[in-house]
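Here is the structure we will look at.
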Amino acid sequence: MNIALKEYISIFIHQTDLNITSCVKERLACFNLAPEQNLIMMLLWERDGRTQQELSEQLEKDKTNITRMLSSLEQKGFVKKRMESCDRRSIRVFLTEKGKELECQVIPVTEEFHRLATAGITEEELAIVRRVLSKMSQNVKGQKN
């Protein structure tokens with residue numbers, strides 16, 4: 001028996017992600033930030049001076065994508081990259097003043113979006129969603145190799 005297209009959980013998750021990303025993109029446009037760039041900024045607002053490797057691991061993105069996003073953020077004047085003196089391969093990323101100032105404008109927008117996206121959903125339901133999606137992610141990661 002074949003599963004109907006609308007029944008595939010991966011399709012449902014993908015469509016949900018597209019809707020969420022589209023809404024976030026719209027809300028961040030006035031700050032000249034793409035949704036994925038915002039994730040880098042949020043990590044740096046949490047702790048400035050992270051390495052490129054840390055950002056890659058935290059966001060589960062390959063180094064090429066992180067490098068591209070950081071170059072864009074650097075061109076916009078939000079971050080600066082600095083090579084480690086002890087390890088020339090290691091690059092640390094720091095917020096510029098412009099990048100630091102952006103935090104007080106963007107965080108309220110992201111918090112408001114979070115409230116919008118989770119409206120009518122209990123903390124218990126959110127915990128279940130996180131747990132189920134984590135299990136699905138682990139299932140797929142186990143099959144990659």
Side-chain angles (χ1 to χ4, degrees), residues 5-6 8-145:
L5 187 63
K6 67 179 183 178
Y8 280 99
I9 194 67
S10 60
I11 303 270
F12 183 76
I13 291 169
H14 177 67
Q15 289 170 335
T16 303
D17 180 52
L18 287 175
N19 288 331
I20 288 171
T21 302
S22 175
C23 190
V24 169
K25 185 177 181 179
E26 188 178 295
R27 289 165 187 260
L28 292 175
C30 63
F31 302 108
N32 197 19
L33 275 179
E36 287 189 323
Q37 293 172 343
N38 187 53
L39 296 176
I40 289 176
M41 295 299 289
M42 290 180 77
L43 286 172
L44 293 172
W45 291 327
E46 192 178 82
R47 185 169 54 79
D48 199 9
R50 290 178 188 260
T51 66
Q52 200 165 327
Q53 179 67 32
E54 284 178 82
L55 294 170
S56 177
E57 289 168 4
Q58 287 284 308
L59 297 177
E60 296 186 25
K61 295 274 183 197
D62 62 64
K63 282 185 178 181
T64 304
N65 279 330
I66 295 295
T67 299
R68 183 181 40 78
M69 288 188 279
L70 287 173
S71 291
S72 179
L73 288 169
E74 197 170 30
Q75 287 173 350
K76 293 173 185 182
F78 297 145
V79 302
K80 59 182 177 263
K81 296 184 279 188
R82 195 177 305 147
M83 269 191 209
E84 294 274 64
S85 55
C86 56
D87 182 357
R88 307 291 278 163
R89 294 168 300 168
S90 183
I91 296 171
R92 287 205 178 270
V93 183
F94 295 91
L95 293 162
T96 62
E97 280 308 309
K98 186 176 177 182
K100 289 175 185 175
E101 290 168 5
L102 201 57
E103 179 180 11
C104 62
Q105 297 172 291
V106 173
I107 293 296
V109 172
T110 59
E111 288 175 350
E112 194 247 308
F113 177 78
H114 177 77
R115 283 190 294 277
L116 170 73
T118 59
I121 303 171
T122 66
E123 284 300 319
E124 183 181 336
E125 289 171 324
L126 286 174
I128 291 168
V129 168
R130 286 184 185 101
R131 202 165 45 250
V132 170
L133 290 175
S134 291
K135 284 182 181 181
M136 292 173 85
S137 184
Q138 290 304 311
N139 289 344
V140 173
K141 280 182 183 176
Q143 295 301 309
K144 281 171 128 175
N145 300 330

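Distance CG/Leu70 to CD1/Ile40: 4.5 Å, rounded to 0.5 Å. Taking CG of Leu73 as the reference point, atom CD of Gln37 lies at 4.5 Å (rounded to 0.5 Å). Residue Gln52 holds its CD atom at 4.5 Å from CD1 of Ile91, rounded to the nearest 0.5 Å. How far CD1 of Ile128 is from CD1 of Ile121: 11.5 Å, rounded to the nearest 0.5 Å. Rounding to the nearest 0.5 angstrom, the gap separating the CD atom in Glu57 from the CG atom in Leu55 is 9.5 Å. Here the CG-NZ distance, from Leu39 to Lys61, works out to 8.5 Å after rounding to the nearest 0.5 Å.
In this structure, the side chain of Ser137 does not engage the main chain of Leu133 through any donor-acceptor pair within 3.5 Å. Side-chain atoms of Asp48 come within 3.5 Å of backbone N or O of Leu95 as a donor-acceptor pair. In this structure, the side chain of Arg92 engages the main chain of Gly49 through a donor-acceptor pair within 3.5 Å. Put simply, the side chain of Ser22 never gets that close to the backbone of Leu18: no donor and acceptor are under 3.5 Å apart. Looking only at distances, a side-chain donor or acceptor of Lys98 sits under 3.5 Å from a matching main-chain atom of Lys76.
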Can you list, pair by pair, the side-chain donor-acceptor contacts under 3.5 Å of residues 99-112, counting residues two or more places apart and other chains?
| from | atom 1 | to | atom 2 | distance (Å) |
| --- | --- | --- | --- | --- |
| Thr110 | OG1 | Ile107 | O | 2.8 |
| Glu112 | OE1 | Arg27 | NH1 | 3.1 |
| Glu112 | OE2 | Arg27 | NH1 | 3.4 |

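Open room surrounds CD on Glu26; 12 or fewer heavy atoms of other groups in view lie less than 6.0 Å from it. More than 12 non-hydrogen atoms from other residues, nucleotides or ligands lie less than 6.0 angstrom from CZ of Phe94. No more than 12 heavy atoms of other residues, nucleotides or ligands sit less than 6.0 Å from atom NZ of Lys63.
Smallest separation of non-hydrogen atoms from Phe31 and Phe78: O-CZ, 3.7 Å. Nearest heavy atom pair, residue Thr51 against residue Ser90, reads CG2-OG, 3.9 Å. For Ser56 against Asp62, the heavy-atom pair with the smallest separation is OG-C, 3.9 Å.
In this structure the side chain of Ile13 reaches within 4.5 angstrom of the side chain of Met136, judged on heavy atoms. When side chains are defined from C-beta on, Arg50 does not count as touching Val93, because their heavy atoms never get closer than 4.5 Å. Contact annotation: the side chain of Ile11 approaches that of Gln15 to within less than 4.5 Å [non-hydrogen atoms, C-beta and beyond].
Every side chain to side chain donor-acceptor pair (under 3.5 Å) that Thr122 has, sequence neighbours left out, goes to Glu125.
For the pair Lys80 and Glu97, the salt-bridge criterion is not met [side-chain N within less than 4.0 Å of a carboxylate O].
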